[in-house]
Every structure is written in C-alpha cells, then in structure tokens.
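Order of appearance sets the numbers: ligands from 1, and atoms from 1 within every ligand.
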Amino acid sequence: MKKKNPNLTAEQKLVMFEDGTEPPGSSELNNEKRDGSYHCANCGVRLFSSDSKYESGSGWPSFFQSLPDVFETKTDYLLGYARTEYHCKNCDAHHGHVFEDGPKPTGKRYCNNGVCLVFKIKN
Ligand SMILES: [Zn+2]
C-alpha cells in the first residue's frame with residue numbers, strides 16, 4: 001500500500017521510496033533528547049517513543065525498540081551482504097535498517113534516517 005505524501009522533499013522521496021540513505025550526522029534529530037514521539041514523515045503514524053531513543057554513535061537517530069506492529073521488514077543486499085530493511089506498515093515508506101547490536105533489553109538497533117521522521121514534543 002504505497003501512498004506518497006505530495007509534500008515530501010526530494011531527499012525524503014529518495015530515502016523513503018528509492019531506498020536511499022541520508023548522509024550520517026546530517027539529521028538534527030540526532031541531538032533531539034526531549035520527551036515526545038517520532039512519526040512517519042510520509043503518513044504521520046507514530047513509530048517510536050523518545051523513551052527508546054539512544055545515542056549509538058552511528059550518525060543516525062537510533063532506537064532500541066519501535067512501537068508495536070508499526071514496521072514490516074525484508075532482507076536487502078544493496079551493500080553486498082544481508083541487511084534487514086524496515087518500512088512503515090501503514091504507507092510502505094522505507095525508514096532504515098535494524099541491527100542486532102543494540103543495547104539491552106532488546107539488543108536491537110533501529111538505525112533510522114532522520115528525514116523519514118517527524119518529532120512531536122510531548123505537551
Ligand atoms: Zn508511514
């Protein structure tokens with residue numbers, strides 16, 4: 001189910017619908033530490049809570065857990081080896097890759113392109 005938001009920037013379209021990746025360190029969300037939630041920039045669905053965000057040192061916003069049942073995954077070989085890509089279950093937009101080197105309790109690292117996320121501060 002692809003529904004492309006007409007207000008997306010060229011970079012957002014590249015990352016979310018052509019499996020692009022933003023340059024590491026480019027997202028202002030890397031430094032976002034306030035309480036709130038992270039939503040899909042394409043469809044607005046809530047994907048992550050700020051409670052699960054952590055500093056991975058990768059240069060991309062990182063989370064050890066998503067909200068329940070918001071993503072689907074598939075394996076890609078774009079870099080020549082298997083990686084687990086995840087995309088928004090609601091709109092099919094690509095968000096990033098999930099790795100098994102995250103912190104406890106999940107051991108997961110959701111490495112998410114910042115351009116795919118919209119932060120909403122808790123009020
Ligand atoms: Zn979405």
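By the criterion of a separation under 2.8 Å, the protein N/O/S atoms near the Zn ion (ligand 1) amount to C40 SG, C43 SG, C88 SG, C91 SG.
Taking the six-membered ring wherever Trp is involved, the centroid distance between the rings of Y110 and Y54 does not fall below 6.0 Å. Residues H94 and F17 place their aromatic rings such that the two centres sit no closer than 6.0 Å.
N112 and Y38 form no side-chain donor-acceptor contact under 3.5 Å, judged by distance and modelled atom types alone. Using modelled atom types and a 3.5 Å distance limit, the side chains of H97 and D76 yield a donor-acceptor pair.
Within 6.0 Å of NZ on K33 lie more than 12 heavy atoms contributed by other residues, nucleotides or ligands.
Judged by the 6.0 Å distance and 45° axis criteria, K108 is not positioned over the aromatic ring of F99.
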